[in-house]
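Residues: numbered from 1 along the sequence shown. Just so you know, ligand 1 is whichever comes first in the structure, and atom 1 is the first atom listed for that ligand.
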Amino acid sequence: MTNQHSPDVVWHQHNVSKKARANAKGHRKPAVLWFTGLSGSGKSTIANALEQKLFELGYHTYLLDGDNVRHGLNKDLGFNDTDRVENIRRIAEVTKLFVDAGLIVMTAFISPFRSDRQLVRQLHAVGEFIEVFIDTPLAVCEQRDPKGLYIKARAGEIKHFTGIDSVYEAPLTPDIHIKTDEMDIDACVSVILQYLQNGEYLIR
Ligand SMILES: Nc1ncnc2c1ncn2[C@@H]1O[C@H](COP(=O)(O)OS(=O)(=O)O)[C@@H](OP(=O)(O)O)[C@H]1O
Ligand SMILES: Nc1ncnc2c1ncn2[C@@H]1O[C@H](COP(=O)(O)OP(=O)(O)O)[C@@H](O)[C@H]1O
């Protein structure tokens with residue numbers, strides 16, 4: 001592994017492995033559940049409910065949320081395409097560290113570009129990246145408008161708003177496909193838990 005800006009920096013191999021860290025937590029294997037979908041689709045709501053469920057079952061989880069990360073690590077970034085790409089690139093690297101720590105990670109970012117989500121998948125080992133498409137029609141998101149952002153975007157007060165004047169590229173083959181206009185929150189969480197159980201991520 002090389003760093004193009006600092007070719008003399010070498011990668012350190014640690015004595016404690018990712019697998020050992022995961023097993024110490026009683027996990028079978030770490031993973032990142034990468035939620036993607038429009039604003040208001042339900043990413044944060046479902047990821048939160050899922051995290052609570054996993055936490056109650058005794059798993060060590062961490063939830064990275066778009067709004068929160070943009071208050072800290074990515075507070076220098078806006079919503080033009082270049083900044084969104086950099087936003088996802090940094091988050092991807094953070095998820096890699098958390099997965100290396102052996103955790104079950106959840107992320108709730110719009111992550112509108114297919115190519116970026118593909119890059120995140122490639123950053124992780126096979127089976128560690130689970131793309132969760134929170135598939136909610138724009139009209140439903142707009143009706144919900146939990147933060148009042150769509151109304152502002154329609155009024156031209158927010159520029160580059162996803163689904164209005166900025167693109168959202170829906171996943172073509174997501175690992176998990178959730179339609180929130182057809183299932184309540186508990187049912188959405190159950191579908192994801194079932195996937196984790198079937199994939200032998202969970203042992204209890
Ligand atoms: N222009 C524009 N477009 C989309 N969203 C906007 C915008 N401006 C602010 N917000 C708020 O920021 C949240 C999305 O941030 P993300 O980091 O997830 O976006 S991205 O992945 O970089 O596209 C998003 O949060 P969610 O509603 O939870 O998706 C919005 O609350
Ligand atoms: N089945 C469902 N799954 C997720 N959210 C739902 C569902 N039905 C209604 N909602 C509501 O939709 C809104 C989704 O908002 P939020 O989770 O903040 O979306 P996002 O994080 O994608 O922007 C919340 O007000 C939530 O209560």
Modelled atom types, side-chain donor and acceptor of Thr45 and Arg144, under 3.5 Å:
no
Distance from atom 15 (O) of ligand 1 to nearest protein heavy atom, with residue and atom:
Arg70 NE, 3.3 Å
Paired with Val99, the side chain to side chain contact (heavy atoms under 4.5 Å, CB included) test is passed by just one of Leu123, Ile104, Val94, Val32, namely Val32
Starting from atom 18 (O) of ligand 2, find the nearest protein heavy-atom neighbour and note its residue, name and distance.
Ser44 CB, 4.1 Å
Whether the Asp181 and Thr136 side chains hold a donor-acceptor pair (N or O, under 3.5 Å, no angle test) is what I'd like checked.
no
How does Asp67 reach ligand 1, if at all, at less than 4.0 Å between non-hydrogen atoms: by side chain, backbone, both, or neither?
side chain
For atom 3 (N) of ligand 1, the closest protein heavy atom turns out to be Arg84 NH2, 3.2 Å
Would you check whether Pro146 has a nitrogen or oxygen atom less than 3.5 angstrom from a nitrogen or oxygen atom of ligand 2?
no
So which protein heavy atom does atom 16 (P) of ligand 2 come closest to, and at what separation?
Thr45 OG1, 3.5 Å
Can you tell me if CD1 on Ile151 sees more than 12 non-hydrogen neighbours from other groups inside 6.0 Å?
no
Are Ile110 and Leu64 connected, step by step, through hydrophobic side chains (Ile, Leu, Val, Met, Phe, Trp, Tyr) whose heavy atoms are closer than 4.5 Å?
no
Sub-3.5 Å donor-acceptor pair from the side chain of Arg90 to the main-chain atoms of Asn74, do we have one?
no
Parallel, tilted or perpendicular: which one describes the rings of Phe133 and His177, with boundaries at 30° and 60°?
tilted
Are the side chain of Asp175 and the backbone of Glu131 linked by a donor-acceptor contact shorter than 3.5 Å?
yes
Can you say whether the rings of Phe161 and Tyr150 are parallel (under 30°), tilted (30 to 60°) or perpendicular (over 60°)?
perpendicular
Looking at Lys147, which atoms of ligand 1 are within less than 4.0 Å of one of its heavy atoms?
25 (O), 26 (P), 27 (O), 28 (O), 31 (O)
If hydrogens are left out, which of Lys147, Met183, Lys179, Lys43 has an atom nearest to atom 1 (N) of ligand 2, that is, the closest non-hydrogen atom?
Met183
For Lys159, the atoms of ligand 1 under 4.0 Å from one of its heavy atoms are 1 (N)
Pair Gln52-Asn48, side-chain donor/acceptor within less than 3.5 Å
no
Any idea which atoms of ligand 1 are less than 4.0 Å away from a heavy-atom of Thr162?
3 (N), 4 (C)
The answer for which part of Leu149 has a heavy atom under 4.0 Å from ligand 1 is side chain
Atom indices of ligand 1, in the order listed, that fall short of 4.0 Å to a heavy atom of Ser39:
26 (P), 27 (O), 29 (O)
Of all protein heavy atoms, the one nearest atom 12 (O) of ligand 2 is Arg144 CD, 3.0 Å
What protein heavy atom lies closest to atom 2 (C) of ligand 2? Include the residue and the distance to one decimal.
Ile185 CG1, 3.5 Å
If only atom types and distance count, is the side chain of Lys43 paired as donor or acceptor with the main-chain N or O of Leu38 below 3.5 Å?
yes
Check whether any side-chain N or O of His27 sits under 3.5 Å from a backbone N or O of His60 as a donor-acceptor pair, and report yes or no.
yes
closest protein heavy atom to atom 21 (O) of ligand 1 is Ser111 N, 2.8 Å
Please state which protein non-hydrogen atom is closest to atom 2 (C) of ligand 1 and give its distance, to 0.1 Å?
Phe161 CD1, 3.3 Å
Phe109 ring center within less than 6.0 Å of Phe35 ring center:
no
Option set Gly40, Gly37, Ala47, criterion heavy-atom distance to atom 20 (P) of ligand 2, minimum:
Gly40
Are the charged groups of Asp100 and Arg21 less than 4.0 angstrom apart, N to O?
yes
Enter the distance from Leu57:CG to Leu202:CG here, rounded to the nearest 0.5 Å.
7.5 Å
Taking only heavy atoms of Leu38 into account, list the atoms of ligand 2 that are under 4.0 Å away from them.
22 (O)
As an exercise, identify every atom of ligand 1 less than 4.0 angstrom from a heavy atom of Ile88.
21 (O)
With a cut-off of 6.0 Å (strictly less than), are more than 12 heavy atoms of other residues, nucleotides or ligands near CD of Gln143?
no
Atoms in ligand 2 with a heavy atom of Thr180 nearer than 4.0 Å:
1 (N), 2 (C), 3 (N)
Residue Phe109 vicinity, atoms of ligand 1 by number, heavy atom under 4.0 Å:
17 (O), 18 (O), 21 (O)
Of the side chain and backbone of Ile134, name the one, both, or neither that has a heavy atom under 4.0 Å from an atom of ligand 2.
neither
Heavy-atom contacts with Lys43 under 4.0 Å: which atoms of ligand 1 show up? List them by number with element.
29 (O)
Under 4.0 Å to a heavy atom of Ile46 - the qualifying atoms of ligand 2, by number
3 (N), 4 (C)
Just say parallel, tilted or perpendicular for the rings of Tyr201 and Tyr195, cut-offs at 30° and 60°.
parallel
Can you pull out the closest protein heavy atom to atom 19 (O) of ligand 2? Residue, atom name and distance to 0.1 Å, please.
Gly42 N, 3.1 Å
Who gets closest to atom 22 (O) of ligand 1 by heavy atom: Asn68, Leu38, Thr45, Asn87?
Asn87
Nearest to atom 5 (N) of ligand 1, what protein heavy atom do you find, and at what distance?
Ile110 CD1, 3.6 Å
Please verify whether a non-hydrogen atom of Ser166 lies at under 4.0 Å from ligand 1.
no
With a 4.0 Å cut-off on heavy atoms, does Ser39 reach ligand 2?
yes
Of all protein heavy atoms, the one nearest atom 8 (N) of ligand 1 is Phe79 CE1, 3.4 Å
Going by the side-chain hydrogen bond (donor to acceptor under 3.5 Å, both in side chains) test, name the single residue among Lys29, Arg121, Lys18 that passes it with Glu128.
Lys18
Atoms of ligand 1 close to Gly40 [distance to a heavy atom under 4.0 angstrom, numbered from 1]:
27 (O)
Among all protein non-hydrogen atoms, which one is nearest to atom 1 (N) of ligand 1, and what is the separation to 0.1 Å?
His160 O, 2.8 Å
